[in-house]
Each structure stands twice: as C-alpha cells, then as structure tokens.
Visitor: 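The structure under discussion is supplied below as structure tokens; questions concerning it will follow.
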Amino acid sequence: QQPVQSPQAVILREGEDAVINCSSSKALYSVHWYRQKHGEAPVFLMILLKGGEQKGHEKISASFNEKKQQSSLYLTASQLSYSGTYFCGTESGSARQLTFGSGTQLTVLP
Amino acid sequence: ETGVTQTPRHLVMGMTNKKSLKCEQHLGHNAMYWYKQSAKKPLELMFVYSLEERVENNSVPSRFSPECPNSSHLFLHLHTLQPEDSALYLCASSQIQRRGGSEEQYFGPGTRLTVT
C-alpha cells in the first residue's frame with residue numbers, strides 16, 4: 001500500500017518555509033525523499049533510517065517518527081530552484097524496494 | 001558516460017510492434033529497477049533485479065518482459081502494448097546492503113513511450 005503525502009500541492013514565495021508530510025500504514029525500515037522537476041528524472045534528497053540514521057544533502061532536513069510511521073520534509077528559506085514535485089518512498093521490512101507516494105507539487109514564486 | 005543512461009528517450013510504437021528499452025548504470029551498483037510513471041499517478045515499481053534475484057510487481061502485464069544480463073545493463077522488452085501503457089518509463093539503480101535496506105536510488109532520464 002502506497003504512503004500518503006500531504007499536502008498535494010503548495011505555493012510559496014521565495015524565502016518562505018514549507019513542510020511536506022508522508023505517512024504509512026506499515027512498519028517502516030526507511031523513508032526516502034526525492035524531487036522531480038518537470039521533464040527530468042527524480043533526484044535523491046534524503047534517506048531516514050529506522051534507528052535515527054540519516055543521509056542526505058546538508059540544506060535539506062527531515063524527520064522520521066518510527067512509532068507513527070511518519071516522515072516530514074522541511075524546506076526552509078525556499079528558493080526558486082526548490083520548485084518541483086516531491087516524492088516520498090517507503091521501505092518496509094526486507095522488501096528492499098520502495099513504494100512511492102503520489103507526490104507533492106511545490107511551486108516557489110519570486 | 002556517468003550515472004544512469006536510458007535509450008531511446010522517446011518511442012512511438014503501434015500495438016503490434018515489438019521494441020526494447022535499454023538502461024545502463026555506470027555506478028557499480030548491484031540493483032536495478034524499472035518504474036512506470038503515468039500522469040498524476042505515483043511512481044509504480046515494475047521490476048527489481050538485486051543481488052542476482054528478480055522481484056516483480058504481480059500487477060505488471062506479461063506484455064512487459066525484463067532482462068538483466070549483468071549488473072550494469074537492464075532491458076525492458078515490449079510487445080503487443082495497449083494505449084494505456086503510454087507513460088514515462090524510468091530506470092534506476094542502487095546499492096543493496098546484504099544486511100538489509102537499500103541506499104539512495106539514482107534515476108535515468110526516462111523513456112517517454114507513446115502507444116498508438
């Protein structure tokens with residue numbers, strides 16, 4: 001079952017902050033975050049692992065609540081380049097594969 | 001070439017044609033994936049080859065057939081497709097840790113497939 005992302009879309013002005021949420025009904029091993037710009041491939045942003053380990057870009061922050069099976073991606077002081085569709089992908093148990101959410105479309109206006 | 005490459009980038013085919021999509025990764029990864037991305041739908045995992053095993057999504061029709069001759073190359077063979085198969089097909093690779101869990105996935109640019 002795919003994770004649920006919210007909101008579906010958000011519009012910001014440059015410099016504003018945004019939070020994108022991802023929740024699953026399954027016990028999760030990890031949560032991955034990717035950004036996809038129109039006409040381009042998804043690009044890795046961050047992995048959050050059960051137990052607290054994180055791996056990702058310095059300017060991106062996220063949290064993973066293992067008990068609630070939820071993750072949030074925090075975009076602070078947004079820039080025009082942050083525009084795109086953000087996907088979370090969840091990994092459960094030993095599946096070694098990701099199930100992606102439907103995406104959050106982020107638009108940053110000047 | 002670096003990263004993950006896919007050919008062709010665009011493909012138009014009739015329902016009776018047979019074609020193949022090619023993916024190559026230059027990252028030394030041990031897992032490769034095929035995803036389907038349709039408009040306003042989440043990325044749908046079709047096939048995974050990892051640690052010399054193949055895992056497939058049971059909902060994928062048999063008109064899609066993957067082939068992974070080695071850890072660097074992945075093909076998706078297409079035959080007698082339907083118009084609803086028109087989509088962006090993305091290939092990705094990652095490094096699977098034997099103790100469990102995967103590292104980040106690197107995606108190719110995709111093949112935009114149109115079935116007429």
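Heavy-atom basis, side chains included; hydrogens, waters and symmetry copies ignored. This one's a predicted model, so the numbers in the text were calculated from it and none came from an experiment. Here is how names work: the chains are called A, B, and so on, in the same order as the sequence lines, proteins then strands, and each is numbered from 1.
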Visitor: Select one option (side chain, backbone, both, neither) describing which atoms of B/Tyr106 are under 4.5 Å from chain A's heavy atoms.
Guide: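 Answer is neither: B/Tyr106 stays 4.5 Å or more from chain A.
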Visitor: Quick check: do B/Glu67 and B/His77 have side-chain heavy atoms less than 4.5 Å from each other?
Guide: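 Sidechains of B/His77 and B/Glu67: in contact.
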Visitor: Looking at chain B, which one of A/Pro42, A/Gly89, A/Gly101, A/Gly103 has the largest number of heavy-atom pairs inside 4.5 Å, strictly under?
Guide: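 Result: the option with the highest number of such pairs is A/Pro42.
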Visitor: Quick one: what part of B/Leu45 sits under 4.5 Å from any heavy atom of chain A, side chain, backbone, both or neither?
Guide: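 Looking at B/Leu45, just its side chain touches chain A.
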Visitor: Roughly how far, to the nearest 0.5 Å, is CG of B/Leu81 from CG of B/Asn17?
Guide: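 These two atoms lie 9.0 Å from each other.
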Visitor: Select one option (side chain, backbone, both, neither) describing which atoms of A/Gln36 are under 4.5 Å from chain B's heavy atoms.
Guide: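 Looking at A/Gln36, just its side chain touches chain B.
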Visitor: Using non-hydrogen atoms only, which part of B/Glu44 is less than 4.5 Å away from chain A: side chain, backbone, both, or neither?
Guide: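 Looking at B/Glu44, nothing touches chain A.
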Visitor: If you round to the nearest 0.5 Å, how far is CE of A/Met46 from OH of A/Tyr34?
Guide: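 Here the interatomic distance stands at 12.5 Å.
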Visitor: Quick check for you: to the nearest 0.5 Å, what is the distance between A/Tyr86 atom OH and A/Ile60 atom CD1?
Guide: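 With rounding to 0.5 Å, OH (A/Tyr86) is 6.0 Å from CD1 (A/Ile60).
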Visitor: Enter the distance from A/Leu75:CG to A/Arg35:CZ here, rounded to the nearest 0.5 Å.
Guide: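 If we round to the nearest 0.5 Å, A/Leu75:CG and A/Arg35:CZ are 8.0 Å apart.
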